[in-house]
There are 2 protein chains.
Amino acid sequence: MNEHPLIARRSLATELTGRLRDMIVEGTLKAGDKISEPDLCDLFGVSRTPLREALKVLAAEGLVDLTPNRGGRVARIAPEAVEELFPIMGVLEALAGELACARLDADDLARLEAMHAEMVGHWRRGEWVPYSGLNRRIHEEIFRIAGNATLAGLYQNLMVRIHAVRFVARKTPERWTEAIEDHERMMAALRARDGAALSGLMREHLRHKADVVHEALRQLGAPEQG
Amino acid sequence: MNEHPLIARRSLATELTGRLRDMIVEGTLKAGDKISEPDLCDLFGVSRTPLREALKVLAAEGLVDLTPNRGGRVARIAPEAVEELFPIMGVLEALAGELACARLDADDLARLEAMHAEMVGHWRRGEWVPYSGLNRRIHEEIFRIAGNATLAGLYQNLMVRIHAVRFVARKTPERWTEAIEDHERMMAALRARDGAALSGLMREHLRHKADVVHEALRQLGAPEQG
DNA sequence: AGAATGAATAATGAATGCAAAATTCAAGTC
DNA sequence: GACTTGAATTTTGCATTCATTATTCATTCT
């Protein structure tokens with residue numbers, strides 16, 4: 001019955017939370033940047049009240065560091081934090097794979113096969129950007145199939161926290177091939193509806209991803225102060 | 001050098017976030033309760049600005065539902081949400097067990113043995129409250145030994161979300177025995193430093209816990225409106 | 001009487017104002 | 001010349017104020 005999708009009114013604070021999160025994830029606001037309330041108020045044409053509410057939320061999400069009486073900075077991702085995050089994301093992906101296997105239907109599999117094939121194509125042609133996009137979408141699709149919104153949300157939140165490493169984590173050709181092989185094996189497990197296998201593979205896949213990021217971060221050294 | 005533990009000044013908003021979270025977890029604010037900003041301002045003697053910042057954070061944590069222009073309510077835990085949360089908590093506990101096994105030293109094991117023995121004592125004497133406390137502390141100790149602060153924080157957050165079920169989830173004697181048996185097996189795995197085994201056991205333990213809660217929730221029916 | 005309408009009241013969303021704290025920067029000291 | 005000291009400025013934290021939206025309640029109409 002409810003065809004009319006009830007008018008979504010958002011508060012300024014909610015709107016700002018989303019906008020700022022995007023700016024951080026997309027790199028408009030870089031890790032370590034000072035967050036100037038007056039400047040952002042000017043930028044968005046709002047007062048400090050809703051802006052501060054948004055910052056508090058982002059701080060709770062771990063995207064912003066707020067120090068009392070000293071204002072905020074975009075959270076800087078420390079190598080240690082990456083080392084802590086990836087094992088967690090590994091088990092969450094593993095769980096998603098397990099659940100997805102149990103609920104997978106023919107349509108789901110067909111869609112994943114298509115996305116996978118397209119992604120492999122991009123890999124063959126060395127097209128990094130579309131490859132990355134498809135890769136992300138495949139993982140999102142698995143979470144969708146898993147049918148656990150809380151799990152998906154949690155994963156999304158952790159994913160956002162490591163936004164900063166997106167830019168450093170350019171794969172070497174060997175690592176890229178490794179990732180493709182991981183995905184091939186994952187597809188095989190999906191076709192076989194082998195939840196335990198997929199679970200293990202996804203965890204391993206994340207472990208590889210962690211290695212890539214970790215190498216990149218170590219290579220950069222520890223950029224302590226911006 | 002930094003022996004002096006730098007003076008912790010907290011903002012009112014931060015303070016309020018903690019207080020309100022406690023009130024929700026402890027049941028002073030019950031699931032479904034309307035949150036009146038004026039009343040809470042009176043109660044704490046603060047203005048609405050920091051209170052609203054705190055509410056926004058709690059909303060982000062999933063403890064409070066905020067509806068634009070209509071104020072907030074303490075989040076009500078739906079059986080479906082429990083069904084979504086427990087598998088997640090299961091894999092997080094499993095990971096904690098695995099990590100803890102790898103880092104466990106003699107002191108850690110001794111401490112866990114002592115806590116376990118004390119908990120079993122409470123079980124034998126049917127002392128539910130101290131049993132529960134010790135049970136919680138054992139799980140916390142495993143997370144501490146695991147040495148992954150992000151993991152511990154995440155688990156804590158999920159734990160808080162299911163605050164409401166704490167009160168409904170009184171175990172039957174059979175379930176209680178089952179829980180003790182789970183813990184016995186977990187201790188055995190710890191002594192053997194068998195991370196894989198502990199991991200599996202902890203996940204199963206959480207599955208049992210989920211069963212208990214789920215039975216209780218279904219029994220209560222779905223209290224839709226407060 | 002029961003539903004519907006509209007005024008009165010209360011709550012929320014956001015801007016402004018103000019005091020306290022931090023930062024900046026210039027002057028002074030060693 | 002580098003380090004300290006302290007005033008001027010900026011920024012932050014919080015209270016207050018104002019506008020908008022909900023809610024309540026009395027009144028009217030069927």
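To find a chain, count down the sequence lines: A is the first, B the second, and so on, and within it residues start at 1.
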**Report entry** side chain to side chain donor-acceptor pair (under 3.5 Å) partner of E93(B), chosen from H139(B), H205(B), K209(B), R203(B)
**Finding:** H139(B)
Query raised in the report: Mind checking which nucleotides bracket the chain B contacts on DNA chain D, 5' to 3', with an atom under 4.0 Å from a heavy atom?
Result: dC14(D) to dT23(D)
Requested in this report: Please say whether more than 12 non-hydrogen atoms of neighbouring residues, nucleotides or ligands are located less than 6.0 Å from CZ in R111(B).
Outcome: yes
Query raised in the report: Got a salt bridge between E61(A) and R161(A), using NZ or NE/NH1/NH2 to carboxylate O under 4.0 Å?
Result: no
Report summary line: Quick tally for nucleotides 13-19 of chain C: nucleotides whose base has a protein heavy atom under 4.0 Å get B, sugar-phosphate-only ones S, the rest -, giving BSBBB--
Query raised in the report: Hey, what do you get for SG (C101(A)) to CE (M202(A)), rounding to the nearest 0.5 Å?
Result: 9.5 Å
Query raised in the report: Using a cut-off of 4.0 Å on non-hydrogen atoms, how would the nucleic acid contact of L51(A) be classed: base, sugar-phosphate, or nothing?
Result: nothing
Requested in this report: For N135(A) and H183(A), test the side chains for any donor-to-acceptor distance below 3.5 angstrom and give the result as yes or no.
Outcome: yes
Query raised in the report: Can you tell me if T17(A) and T14(A) form a side-chain donor-acceptor pair at under 3.5 Å?
Result: no
**Report entry** Verdict with reasoning, R103(B) to D108(B), per salt bridge (charged side-chain N to carboxylate O under 4.0 Å, His left out)
**Finding:** CA-CA 9 Å; R103(B) 301 170 45 109; D108(B) 294 329; over 6 Å; no
Query raised in the report: Are R175(A) and E178(A) ion-paired here, with the side-chain N under 4.0 Å from a carboxylate O?
Result: yes
**Report entry** Distance, rounded to the nearest Å, where L66(A) contributes CG and dA22(C) contributes C1'
**Finding:** 16 Å
